[in-house]
Number of protein chains: 2
Amino acid sequence: MCQGCFNAPVQNSDAMALTAALLAAAGGLTQRIHEGVVARGFEGVRPAHGFAFTRLAPDGATVTDLAAHLGTTKQAASQLVEELVRKGYVERRPHPADARARLVVLTEAGWACTRAAEEAAAEAVGAWAGVLGEDGVRALRDGLLRVAPGGPIRPAW
Amino acid sequence: MCQGCFNAPVQNSDAMALTAALLAAAGGLTQRIHEGVVARGFEGVRPAHGFAFTRLAPDGATVTDLAAHLGTTKQAASQLVEELVRKGYVERRPHPADARARLVVLTEAGWACTRAAEEAAAEAVGAWAGVLGEDGVRALRDGLLRVAPGGPIRPAW
DNA sequence: TCCTTATGGTCAAGCTGCTTGACCAATGTG
DNA sequence: CACATTGGTCAAGCAGCTTGACCATAAGGA
């Protein structure tokens with residue numbers, strides 16, 4: 001075993017504990033948000049759709065933009081958009097400045113779903129505030145932001 | 001929009017920021033551990049295998065145990081074990097107390113890979129200590145542990 | 001201008017990891 | 001000793017993604 005790592009200030013077992021806690025928290029939070037969205041009446045949506053919504057929300061985006069945001073191929077992004085169109089959450093509009101491109105924008109249902117996800121997230125995080133307190137949650141968020149500034153938007157494993 | 005949520009102490013946008021930071025941190029850390037494991041010469045391993053290793057490490061486990069740990073069907077767990085057997089990381093031994101069951105245990109290569117993952121995790125978390133300090137990392141870990149005690153081991157989305 | 005290259009998007013085929021369903025061997029329970 | 005239960009595998013199918021090919025528009029240079 002690498003002596004440097006073995007003798008590092010942060011012990012291996014601690015690192016694994018942090019990793020496990022991080023994965024558990026992320027997985028649990030994602031799950032709760034998803035359940036909250038479903039409970040609010042939005043069916044046929046997966047967490048992956050939420051990652052797409054965060055990119056589409058402000059002013060829409062092209063399929064290529066979305067693919068870059070999600071870290072997938074543009075074919076995969078196109079299929080995801082097609083699915084969201086079928087389900088009524090987004091629609092394709094002609095791009096105002098490029099006849100090749102198509103601007104994908106949220107429909108009213110898409111906006112409603114996005115708001116539902118925000119509510120569900122606030123609810124789940126609110127439960128955390130009951131354990132850590134408002135300050136604790138803020139500290140957690142700030143620590144994570146400082147530590148993962150450029151992390152992947154769509155964790156895939 | 002739900003007024004209760006809108007007026008909640010933790011604002012929706014804050015909740016989404018925390019969620020994004022959490023996902024980015026988890027995704028980034030997983031990615032770095034994976035890269036560290038690959039850099040140490042272990043090929044053909046995916047993060048999902050690491051989740052399996054953490055269950056098999058102490059004394060081995062049955063396929064059914066593993067399936068429960070990973071949150072999948074036992075068929076999926078069986079296929080994963082088959083793959084790990086092919087790659088030399090685990091082996092199936094007869095179960096000492098039940099002739100139906102088979103005990104899946106790590107081989108020497110499996111142990112080496114587990115140690116490599118621990119080293120890579122310690123390395124990645126060590127980099128975080130450079131930003132947050134030792135105390136900051138500890139606080140982060142403790143906060144996460146308090147907030148996600150029973151979260152899923154294998155985040156899937 | 002025309003030709004060439006780059007870019008946005010889709011269609012089609014294939015692969016991988018998982019699921020459901022069926023089944024067998026061994027266990028335990030009355 | 002029947003009979004339901006449990007551990008495990010085989011087989012088929014599905015969902016989400018990838019690679020490869022292709023078309024339409026755009027951008028840039030001679």
Side-chain angles (χ1 to χ4, degrees), chain A residues 27 30-31 34 38 43-53 55-56 59-87 89-105 152-157, chain B residues 27 30-31 34 38 43-53 55-56 59-87 89-105 152-157:
Chain A
T30 302
Q31 190 177 327
H34 179 246
V38 170
E43 301 193 353
V45 272
R46 288 171 289 123
H49 298 150
F51 301 133
F53 285 176
R55 180 67 183 80
L56 300 176
D59 299 302
T62 66
V63 165
T64 301
D65 291 338
L66 193 55
H69 179 76
L70 298 177
T72 69
T73 60
K74 51 183 185 172
Q75 289 91 326
S78 182
Q79 290 172 8
L80 193 141
V81 166
E82 178 57 31
E83 182 186 352
L84 290 176
V85 167
R86 270 204 324 272
K87 293 178 176 170
Y89 292 112
V90 307
E91 62 184 9
R92 302 187 218 243
R93 303 185 59 81
H95 194 284
D98 189 336
R100 296 170 300 177
R102 311 172 76 177
L103 199 58
V104 181
V105 298
I153 281 76
R154 181 194 187 330
W157 57 77
Chain B
T30 303
Q31 190 177 328
H34 180 245
V38 170
E43 301 193 353
V45 271
R46 289 171 287 123
H49 298 149
F51 301 134
F53 287 174
R55 179 65 183 82
L56 300 175
D59 299 301
T62 67
V63 165
T64 300
D65 291 338
L66 194 54
H69 178 77
L70 298 177
T72 69
T73 60
K74 50 184 186 171
Q75 290 90 327
S78 183
Q79 290 172 8
L80 193 139
V81 166
E82 178 58 31
E83 182 186 351
L84 290 176
V85 167
R86 270 204 323 273
K87 293 178 176 169
Y89 292 112
V90 309
E91 61 183 11
R92 301 188 218 244
R93 304 185 58 82
H95 195 285
D98 189 335
R100 295 169 301 176
R102 310 172 75 177
L103 198 59
V104 180
V105 297
I153 281 77
R154 182 197 189 327
W157 58 78

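Below, read A as the first sequence line, B as the second, and so on, with proteins coming before strands; counting in each chain starts at 1. It should be emphasised that the depicted structure is a prediction, and the values quoted were computed from it without experimental measurement.
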For this session: Measure the shortest side-chain to side-chain distance between Pro155(B) and Phe51(B) over non-hydrogen atoms and say whether it is less than 4.5 angstrom.
Result: yes
Exercise. Taking all atoms of both residues into account, what is the closest heavy-atom pair of Ser78(A) and Val63(A), and its distance?
Worked result: N-CG1, 3.8 Å
Problem set entry | Side-chain (Trp157(A)) to main-chain (Arg154(B)) donor-acceptor, under 3.5 angstrom | no
For this session: Find the distance Arg46(A):CZ to dC17(D):C1' and express it as a whole number of Å.
Result: 11 Å
For this session: Give the first and the last nucleotide of DNA chain C, reading 5' to 3', that has any atom under 4.0 Å from a heavy atom of chain B.
Result: dG17(C) to dT27(C)
Exercise. Do Glu91(B) and Arg102(B) pass the salt bridge (Lys or Arg N to Asp or Glu O under 4.0 Å) test, and can you show the C-alpha distance, the side-chain angles, and the key distance before you say yes or no?
Worked result: CA-CA 10 Å; Glu91(B) 61 183 11; Arg102(B) 310 172 75 177; over 6 Å; no
Exercise. If you round to the nearest 0.5 Å, how far is CG of Leu103(B) from OG1 of Thr62(B)?
Worked result: 7.5 Å
Exercise. If each of Ala97(B) and Ala48(B) is mapped to the nucleotide of DNA chain C with the nearest heavy atom, which maps nearer the 5' terminus, i.e. the 5' end?
Worked result: Ala48(B)
For this session: To the nearest Å, give me how far apart CG (Asp98(B)) and C1' (dG8(D)) are.
Result: 11 Å
For this session: Could you check which residues of residues 70-86 of chain B get a heavy atom under 4.0 Å from DNA chain D? Sort them by number, please.
Result: Lys74(B), Gln75(B), Ser78(B)
Seminar exercise, completed: Comparing Trp157(A) with Arg92(A), nearest DNA chain C nucleotide closer to 5' gives the residue Arg92(A)
Problem set entry | Gap between atoms NE2 and C1', on His49(A) and dG16(D) respectively (whole Å) | 10 Å
For this session: Give a yes or no on whether a salt bridge exists between Arg92(B) and Glu82(B), defined as a side-chain N under 4.0 angstrom from a carboxylate O.
Result: yes
Exercise. How do Thr62(B) and Ala99(A) order along DNA chain D: which one's closest nucleotide is nearer the 5' end?
Worked result: Thr62(B)
Exercise. How far does CG of Leu56(A) sit from NE2 of His49(A), to the nearest 0.5 angstrom?
Worked result: 11.0 Å
Problem set entry | Lys87(B) side chain to Val45(B) backbone, donor-acceptor under 3.5 Å | no
